[in-house]
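Structure, as C-alpha coordinates:
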Protein chains: 2
Amino acid sequence: MFFLKELPSQQMVEGYAKRFSVKDPTAVQGALTMMRDTSLLLRELEGYFSKHGTSQLRFLVMIVIDREPQRDSLLASEIAERIDVSRPVMTRTLKSMVEDELIAMETNSSDGRAKCVALTKSGENFLQEILPGYFKAISNFMKELNK
Amino acid sequence: MFFLKELPSQQMVEGYAKRFSVKDPTAVQGALTMMRDTSLLLRELEGYFSKHGTSQLRFLVMIVIDREPQRDSLLASEIAERIDVSRPVMTRTLKSMVEDELIAMETNSSDGRAKCVALTKSGENFLQEILPGYFKAISNFMKELNK
DNA sequence: ACAATATAGTTATCATGGTAACTATGTTAA
DNA sequence: TTAACATAGTTACCATGATAACTATATTGT
(Lines give C-alpha, C1' and ligand atoms only; values in the text may rest on other atoms or scores of the structure.)
Protein backbone atom coordinates (compact mmCIF):
# COMPACT_ATOMS: atom_id res chain seq x y z
CA MET A 1 0.00 0.00 0.00
CA PHE A 2 1.10 3.57 -0.65
CA PHE A 3 -0.27 6.97 0.27
CA LEU A 4 0.68 10.62 0.59
CA LYS A 5 3.55 11.02 3.01
CA GLU A 6 2.57 14.64 3.60
CA LEU A 7 -1.12 15.09 4.14
CA PRO A 8 -2.94 18.21 2.97
CA SER A 9 -3.04 20.83 5.70
CA GLN A 10 -6.13 21.25 7.83
CA GLN A 11 -6.89 24.57 6.12
CA MET A 12 -6.68 22.89 2.74
CA VAL A 13 -9.10 20.15 3.73
CA GLU A 14 -11.43 22.73 5.25
CA GLY A 15 -11.29 24.67 2.01
CA TYR A 16 -12.23 21.60 -0.01
CA ALA A 17 -14.95 20.69 2.50
CA LYS A 18 -16.50 24.13 2.14
CA ARG A 19 -16.40 24.02 -1.67
CA PHE A 20 -17.94 20.56 -1.78
CA SER A 21 -20.32 21.11 1.16
CA VAL A 22 -18.82 18.29 3.18
CA LYS A 23 -20.06 18.73 6.74
CA ASP A 24 -17.25 17.18 8.76
CA PRO A 25 -13.77 18.20 7.58
CA THR A 26 -12.33 16.79 10.79
CA ALA A 27 -13.59 13.29 9.95
CA VAL A 28 -12.07 13.61 6.48
CA GLN A 29 -8.76 14.73 7.95
CA GLY A 30 -8.99 11.74 10.28
CA ALA A 31 -9.56 9.38 7.37
CA LEU A 32 -6.56 10.73 5.47
CA THR A 33 -4.39 10.41 8.56
CA MET A 34 -5.65 6.86 9.08
CA MET A 35 -4.78 5.90 5.50
CA ARG A 36 -1.31 7.38 5.76
CA ASP A 37 -0.58 5.72 9.10
CA THR A 38 -1.87 2.37 7.86
CA SER A 39 0.25 2.65 4.76
CA LEU A 40 3.36 3.22 6.89
CA LEU A 41 2.48 0.43 9.31
CA LEU A 42 1.83 -2.00 6.47
CA ARG A 43 5.27 -1.21 5.04
CA GLU A 44 6.77 -2.14 8.42
CA LEU A 45 4.79 -5.34 8.66
CA GLU A 46 5.55 -6.35 5.06
CA GLY A 47 9.21 -5.97 5.91
CA TYR A 48 8.79 -8.11 9.00
CA PHE A 49 6.92 -10.85 7.15
CA SER A 50 9.31 -10.81 4.25
CA LYS A 51 12.27 -11.16 6.63
CA HIS A 52 10.63 -14.35 7.82
CA GLY A 53 9.89 -15.63 4.33
CA THR A 54 6.16 -15.08 4.60
CA SER A 55 3.51 -12.48 3.84
CA GLN A 56 0.60 -10.72 5.47
CA LEU A 57 -1.84 -12.92 3.56
CA ARG A 58 -0.18 -16.18 4.65
CA PHE A 59 -0.04 -14.86 8.21
CA LEU A 60 -3.75 -14.03 8.22
CA VAL A 61 -4.61 -17.46 6.82
CA MET A 62 -2.78 -19.11 9.70
CA ILE A 63 -4.31 -16.75 12.26
CA VAL A 64 -7.93 -17.33 11.23
CA ILE A 65 -7.49 -21.11 11.31
CA ASP A 66 -5.65 -21.01 14.60
CA ARG A 67 -8.10 -18.77 16.38
CA GLU A 68 -11.17 -20.77 15.37
CA PRO A 69 -12.84 -22.12 18.51
CA GLN A 70 -14.19 -25.71 18.43
CA ARG A 71 -12.79 -26.47 14.97
CA ASP A 72 -9.28 -27.19 13.77
CA SER A 73 -9.96 -26.51 10.13
CA LEU A 74 -11.84 -24.05 7.93
CA LEU A 75 -13.08 -24.28 4.36
CA ALA A 76 -11.05 -22.36 1.79
CA SER A 77 -14.06 -20.18 1.07
CA GLU A 78 -14.52 -19.38 4.76
CA ILE A 79 -10.92 -18.23 5.00
CA ALA A 80 -11.25 -16.06 1.88
CA GLU A 81 -14.43 -14.54 3.27
CA ARG A 82 -12.89 -13.75 6.67
CA ILE A 83 -9.80 -12.13 5.16
CA ASP A 84 -11.75 -10.32 2.46
CA VAL A 85 -9.65 -11.66 -0.38
CA SER A 86 -10.79 -13.17 -3.69
CA ARG A 87 -11.09 -16.94 -3.99
CA PRO A 88 -8.56 -17.30 -6.83
CA VAL A 89 -5.96 -15.60 -4.67
CA MET A 90 -6.91 -17.97 -1.86
CA THR A 91 -6.48 -21.00 -4.15
CA ARG A 92 -3.01 -19.89 -5.18
CA THR A 93 -1.91 -18.97 -1.67
CA LEU A 94 -3.17 -22.19 -0.10
CA LYS A 95 -1.43 -24.23 -2.81
CA SER A 96 1.92 -22.65 -2.02
CA MET A 97 1.33 -23.03 1.72
CA VAL A 98 0.66 -26.75 1.26
CA GLU A 99 3.93 -27.02 -0.67
CA ASP A 100 5.70 -25.36 2.25
CA GLU A 101 3.91 -27.73 4.65
CA LEU A 102 2.34 -24.95 6.69
CA ILE A 103 -1.17 -26.26 6.09
CA ALA A 104 -2.83 -29.49 4.98
CA MET A 105 -5.92 -29.68 2.77
CA GLU A 106 -8.39 -32.45 2.26
CA THR A 107 -11.75 -32.75 0.58
CA ASN A 108 -14.63 -32.28 2.96
CA SER A 109 -16.32 -35.60 3.72
CA SER A 110 -19.81 -34.13 3.63
CA ASP A 111 -19.37 -31.85 0.56
CA GLY A 112 -17.25 -33.06 -2.31
CA ARG A 113 -16.70 -29.54 -3.59
CA ALA A 114 -15.23 -28.09 -0.42
CA LYS A 115 -11.71 -28.32 0.98
CA CYS A 116 -10.88 -28.40 4.68
CA VAL A 117 -7.76 -26.43 5.51
CA ALA A 118 -5.89 -27.19 8.74
CA LEU A 119 -2.59 -26.00 10.19
CA THR A 120 0.17 -28.59 10.23
CA LYS A 121 2.29 -28.92 13.35
CA SER A 122 5.06 -26.96 11.64
CA GLY A 123 2.56 -24.32 10.55
CA GLU A 124 1.45 -23.95 14.15
CA ASN A 125 5.03 -23.68 15.34
CA PHE A 126 5.87 -21.12 12.69
CA LEU A 127 2.86 -19.00 13.62
CA GLN A 128 3.88 -19.04 17.28
CA GLU A 129 7.40 -18.05 16.25
CA ILE A 130 6.37 -14.98 14.30
CA LEU A 131 3.49 -13.77 16.46
CA PRO A 132 5.57 -12.05 19.17
CA GLY A 133 7.53 -10.03 16.60
CA TYR A 134 4.30 -9.07 14.86
CA PHE A 135 2.85 -7.65 18.05
CA LYS A 136 6.14 -5.97 18.93
CA ALA A 137 6.31 -4.35 15.49
CA ILE A 138 2.79 -2.99 15.84
CA SER A 139 3.42 -1.85 19.38
CA ASN A 140 6.64 -0.05 18.44
CA PHE A 141 5.00 1.60 15.47
CA MET A 142 2.13 2.90 17.60
CA LYS A 143 4.57 4.19 20.19
CA GLU A 144 6.40 6.20 17.51
CA LEU A 145 3.13 7.43 16.11
CA ASN A 146 1.96 8.90 19.39
CA LYS A 147 5.12 10.92 19.92
CA MET B 1 -5.85 -3.96 0.34
CA PHE B 2 -7.41 -6.72 2.43
CA PHE B 3 -7.60 -7.45 6.14
CA LEU B 4 -9.55 -9.41 8.74
CA LYS B 5 -13.20 -8.46 8.64
CA GLU B 6 -13.64 -9.67 12.21
CA LEU B 7 -10.88 -8.48 14.50
CA PRO B 8 -9.65 -10.60 17.38
CA SER B 9 -11.54 -9.80 20.58
CA GLN B 10 -10.03 -7.49 23.15
CA GLN B 11 -9.48 -10.42 25.52
CA MET B 12 -7.63 -12.29 22.80
CA VAL B 13 -5.31 -9.36 22.11
CA GLU B 14 -4.76 -8.90 25.83
CA GLY B 15 -3.89 -12.58 26.09
CA TYR B 16 -1.33 -12.29 23.30
CA ALA B 17 0.03 -9.07 24.80
CA LYS B 18 0.58 -10.78 28.14
CA ARG B 19 2.30 -13.79 26.56
CA PHE B 20 4.61 -11.61 24.47
CA SER B 21 5.09 -8.91 27.12
CA VAL B 22 3.65 -6.19 24.94
CA LYS B 23 2.91 -3.25 27.21
CA ASP B 24 0.01 -1.56 25.42
CA PRO B 25 -2.65 -4.00 24.18
CA THR B 26 -4.98 -1.06 23.61
CA ALA B 27 -2.60 0.48 21.09
CA VAL B 28 -2.33 -2.87 19.31
CA GLN B 29 -6.11 -3.20 19.21
CA GLY B 30 -6.21 0.35 17.83
CA ALA B 31 -3.73 -0.55 15.10
CA LEU B 32 -5.73 -3.61 14.05
CA THR B 33 -8.92 -1.55 13.97
CA MET B 34 -7.15 1.11 11.91
CA MET B 35 -5.96 -1.48 9.38
CA ARG B 36 -9.40 -3.01 9.04
CA ASP B 37 -11.12 0.36 8.65
CA THR B 38 -8.57 1.52 6.10
CA SER B 39 -8.97 -1.67 4.14
CA LEU B 40 -12.73 -1.13 3.97
CA LEU B 41 -12.37 2.56 3.08
CA LEU B 42 -9.85 1.75 0.36
CA ARG B 43 -12.30 -0.75 -1.15
CA GLU B 44 -14.89 2.05 -1.32
CA LEU B 45 -12.46 4.49 -2.86
CA GLU B 46 -11.15 1.96 -5.38
CA GLY B 47 -14.74 1.45 -6.46
CA TYR B 48 -15.24 5.17 -6.81
CA PHE B 49 -12.07 5.68 -8.83
CA SER B 50 -12.74 2.69 -11.01
CA LYS B 51 -16.26 3.97 -11.76
CA HIS B 52 -14.56 7.09 -13.10
CA GLY B 53 -11.96 5.21 -15.10
CA THR B 54 -9.09 6.12 -12.83
CA SER B 55 -7.21 4.82 -9.78
CA GLN B 56 -6.00 5.97 -6.42
CA LEU B 57 -2.46 6.29 -7.78
CA ARG B 58 -3.49 8.45 -10.73
CA PHE B 59 -5.61 10.55 -8.39
CA LEU B 60 -2.73 11.12 -5.99
CA VAL B 61 -0.42 12.06 -8.87
CA MET B 62 -2.86 14.76 -9.96
CA ILE B 63 -3.39 15.94 -6.39
CA VAL B 64 0.28 16.42 -5.56
CA ILE B 65 0.90 18.39 -8.74
CA ASP B 66 -2.23 20.47 -8.28
CA ARG B 67 -1.58 21.36 -4.68
CA GLU B 68 2.02 22.46 -5.24
CA PRO B 69 2.32 26.15 -4.35
CA GLN B 70 4.46 28.37 -6.61
CA ARG B 71 5.08 25.63 -9.17
CA ASP B 72 2.88 24.10 -11.84
CA SER B 73 4.99 21.02 -12.37
CA LEU B 74 6.93 18.45 -10.36
CA LEU B 75 9.70 16.05 -11.30
CA ALA B 76 8.67 12.42 -11.70
CA SER B 77 10.95 11.48 -8.82
CA GLU B 78 9.40 14.14 -6.57
CA ILE B 79 5.95 12.73 -7.24
CA ALA B 80 7.11 9.18 -6.54
CA GLU B 81 8.72 10.32 -3.31
CA ARG B 82 5.63 12.19 -2.10
CA ILE B 83 3.27 9.29 -2.83
CA ASP B 84 5.71 6.70 -1.48
CA VAL B 85 5.62 4.59 -4.61
CA SER B 86 8.52 3.06 -6.53
CA ARG B 87 9.94 4.89 -9.53
CA PRO B 88 9.25 2.13 -12.06
CA VAL B 89 5.57 2.25 -11.09
CA MET B 90 5.70 6.02 -11.48
CA THR B 91 7.23 5.69 -14.97
CA ARG B 92 4.48 3.34 -16.09
CA THR B 93 1.67 5.36 -14.55
CA LEU B 94 2.88 8.68 -15.94
CA LYS B 95 3.24 7.14 -19.40
CA SER B 96 -0.39 6.02 -19.41
CA MET B 97 -1.54 9.38 -18.02
CA VAL B 98 0.25 11.17 -20.86
CA GLU B 99 -1.53 8.89 -23.33
CA ASP B 100 -4.84 9.86 -21.73
CA GLU B 101 -3.80 13.53 -21.87
CA LEU B 102 -4.18 14.09 -18.15
CA ILE B 103 -0.58 15.27 -17.79
CA ALA B 104 2.19 16.55 -20.01
CA MET B 105 5.88 15.74 -19.57
CA GLU B 106 8.95 17.49 -20.81
CA THR B 107 12.65 17.20 -20.14
CA ASN B 108 13.83 19.63 -17.49
CA SER B 109 15.80 22.45 -19.08
CA SER B 110 18.40 22.54 -16.29
CA ASP B 111 18.84 18.76 -15.86
CA GLY B 112 18.70 16.53 -18.91
CA ARG B 113 17.88 13.46 -16.82
CA ALA B 114 14.80 14.84 -15.14
CA LYS B 115 11.23 15.12 -16.44
CA CYS B 116 8.83 17.90 -15.49
CA VAL B 117 5.28 16.68 -15.07
CA ALA B 118 2.40 19.16 -15.34
CA LEU B 119 -1.38 18.79 -15.38
CA THR B 120 -3.02 19.47 -18.72
CA LYS B 121 -6.17 21.57 -18.79
CA SER B 122 -8.24 18.42 -19.15
CA GLY B 123 -6.33 16.78 -16.29
CA GLU B 124 -7.18 19.76 -14.12
CA ASN B 125 -10.82 19.60 -15.12
CA PHE B 126 -10.98 15.90 -14.46
CA LEU B 127 -9.46 16.31 -11.02
CA GLN B 128 -12.01 18.98 -10.12
CA GLU B 129 -14.77 16.68 -11.36
CA ILE B 130 -13.82 13.75 -9.17
CA LEU B 131 -12.73 15.61 -6.05
CA PRO B 132 -16.21 16.29 -4.61
CA GLY B 133 -17.22 12.62 -4.87
CA TYR B 134 -13.94 11.60 -3.27
CA PHE B 135 -14.58 13.79 -0.25
CA LYS B 136 -18.20 12.69 -0.08
CA ALA B 137 -17.19 9.03 -0.18
CA ILE B 138 -14.75 9.52 2.68
CA SER B 139 -17.24 11.58 4.64
CA ASN B 140 -20.01 8.99 4.23
CA PHE B 141 -17.68 6.18 5.19
CA MET B 142 -16.60 7.94 8.37
CA LYS B 143 -20.21 8.66 9.26
CA GLU B 144 -21.07 4.96 9.00
CA LEU B 145 -17.96 4.06 10.96
CA ASN B 146 -18.90 6.22 13.94
CA LYS B 147 -22.33 4.68 14.29
C1' DA C 1 -36.48 -38.11 -11.06
C1' DC C 2 -34.40 -34.63 -13.02
C1' DA C 3 -33.90 -29.87 -14.94
C1' DA C 4 -32.60 -25.57 -13.23
C1' DT C 5 -29.99 -23.17 -10.12
C1' DA C 6 -26.47 -22.41 -6.62
C1' DT C 7 -21.98 -23.08 -4.67
C1' DA C 8 -16.74 -24.49 -4.00
C1' DG C 9 -12.88 -24.36 -6.12
C1' DT C 10 -9.83 -23.74 -10.17
C1' DT C 11 -7.96 -21.82 -14.47
C1' DA C 12 -6.84 -18.19 -17.54
C1' DT C 13 -5.81 -13.66 -17.94
C1' DC C 14 -5.05 -9.01 -16.67
C1' DA C 15 -3.59 -4.98 -13.61
C1' DT C 16 -0.52 -3.08 -10.75
C1' DG C 17 2.68 -3.35 -6.93
C1' DG C 18 7.86 -4.41 -6.19
C1' DT C 19 13.40 -4.98 -6.98
C1' DA C 20 17.60 -5.31 -9.80
C1' DA C 21 20.03 -3.80 -13.36
C1' DC C 22 20.65 -0.69 -17.05
C1' DT C 23 21.39 4.10 -19.73
C1' DA C 24 22.10 8.81 -19.72
C1' DT C 25 23.26 12.81 -17.41
C1' DG C 26 25.30 15.45 -13.71
C1' DT C 27 28.62 16.26 -9.82
C1' DT C 28 32.83 15.78 -7.29
C1' DA C 29 37.56 15.24 -6.26
C1' DA C 30 42.34 13.83 -7.42
C1' DT D 1 40.52 17.06 -17.10
C1' DT D 2 38.80 13.12 -16.26
C1' DA D 3 37.84 9.09 -13.31
C1' DA D 4 34.69 7.90 -9.80
C1' DC D 5 30.46 8.36 -8.04
C1' DA D 6 25.56 9.91 -7.71
C1' DT D 7 21.06 10.61 -9.57
C1' DA D 8 16.75 10.45 -12.90
C1' DG D 9 14.44 7.63 -15.40
C1' DT D 10 13.66 3.27 -17.81
C1' DT D 11 13.61 -1.68 -18.80
C1' DA D 12 13.07 -6.42 -17.63
C1' DC D 13 11.08 -9.34 -14.71
C1' DC D 14 8.58 -11.13 -10.80
C1' DA D 15 4.81 -11.28 -7.07
C1' DT D 16 0.37 -10.83 -5.94
C1' DG D 17 -4.08 -8.54 -6.21
C1' DA D 18 -8.59 -8.79 -9.25
C1' DT D 19 -12.50 -10.59 -12.53
C1' DA D 20 -14.58 -13.83 -15.83
C1' DA D 21 -15.36 -18.17 -17.18
C1' DC D 22 -15.00 -22.90 -16.30
C1' DT D 23 -15.68 -27.85 -13.80
C1' DA D 24 -17.64 -30.55 -10.37
C1' DT D 25 -20.78 -31.15 -6.83
C1' DA D 26 -24.98 -30.03 -4.19
C1' DT D 27 -29.64 -28.24 -3.67
C1' DT D 28 -34.25 -26.99 -5.08
C1' DG D 29 -38.68 -27.10 -7.28
C1' DT D 30 -41.83 -29.30 -10.34
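The structure displayed is predicted, hence computed values, not measured ones. Just so you know, these numbers use all the heavy atoms, side chains as well, and skip hydrogens, waters and symmetry mates.
For B/D66, the CG atom sits in a packed shell: over 12 heavy atoms of surrounding residues, nucleotides or ligands are nearer than 6.0 Å. Atom CD of A/Q128 is surrounded by more than 12 heavy atoms from other residues, nucleotides or ligands within 6.0 Å.
We find that A/E68 and A/R82 are joined by a salt bridge, their nearest charged nitrogen and carboxylate oxygen being less than 4.0 Å apart.
Heavy-atom nearest nucleotides on DNA chain D were determined for A/S109 and for A/S55, and the one closer to the 5' end corresponds to A/S55. For the pair A/F2 and A/L94, both in contact range of DNA chain C, the more 5′-proximal nearest nucleotide belongs to A/L94.
If you take NZ of B/K95 and P of D/dA12, they are 12 Å apart, rounded to a whole angstrom. Atom CD in B/E81 sits roughly 12 Å away from atom P in D/dG9 (whole-Å rounding). For the pair B/D111 CG and C/dA24 C1', the computed distance is 10 Å after rounding to whole Å. Atom-to-atom, CZ of A/R58 to P of D/dG17 comes out at 11 Å; the value is rounded to the nearest Å. The NZ-P distance, from B/K51 to D/dT19, rounds to 16 Å in whole Å. When the C1' atom of D/dA18 is taken as reference, atom CG of B/L45 falls 17 Å away, rounded to whole Å. Taking atom CD of residue B/E78 and atom C1' of nucleotide D/dG9, one finds them 14 Å apart after rounding to whole Å. At whole-Å resolution of the value, CG in B/L60 and C1' in C/dG17 are 14 Å apart.
Between the side chains of A/Q10 and A/E14, at least one donor N or O sits under 3.5 Å from an acceptor N or O. Donor-acceptor pairing under 3.5 Å is lacking for the side chains of A/D24 and A/T26.
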CA sep, side-chain torsions, deciding dist, call: B/Y48, B/I130, side chain to side chain contact (heavy atoms under 4.5 Å, CB included):
CA-CA 9 Å; B/Y48 177 72; B/I130 60 176; 3.9 Å; yes
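Taking only side-chain atoms of A/R92, from C-beta outward, the nucleotide of C/dT10, D/dA18, D/dT11 with the closest atom is D/dA18. Candidate nucleotides C/dT25, D/dT19, C/dA8 were compared by shortest atom distance to the side chain of A/S86, and D/dT19 ranks first. Closest to the B/R87 side chain, of the nucleotides C/dG18, D/dG9, D/dT25, is D/dG9. Of the listed nucleotides (C/dA8, C/dG18, D/dA20), C/dG18 has the atom at the smallest distance from the side chain of B/V85. Comparing C/dT7, C/dT10, C/dG17 by their closest approach to the side chain of A/R113 singles out C/dT7. Side-chain proximity of B/P88 to the nucleotides C/dA12, D/dG17, D/dT10 is greatest for D/dT10. Nearest nucleotide to the B/L75 side chain, out of D/dG17, D/dG9, C/dG17: D/dG9.
Here B/R43 lies in heavy-atom contact (under 4.0 Å) with sugar-phosphate atoms only. Residue A/S77 is classed as a sugar-phosphate contact, given heavy-atom separations below 4.0 Å to backbone atoms only.
With hydrogens and angles ignored, the 3.5 Å screen pairs a side-chain donor or acceptor of B/S122 with a backbone N or O of B/E101. Between the side chain of B/S139 and the main chain of B/F135, no donor-acceptor pair closer than 3.5 Å is present.
Checking the phosphate oxygens (OP1, OP2) of D/dT10, a side-chain nitrogen or oxygen of B/K115 falls inside 4.0 Å.
Across its full length, the helix from C/dA1-D/dT30 to C/dA30-D/dT1 shows an angle of 10° between the axes of its 5 terminal pairs at either end, rounded to 10 degrees.
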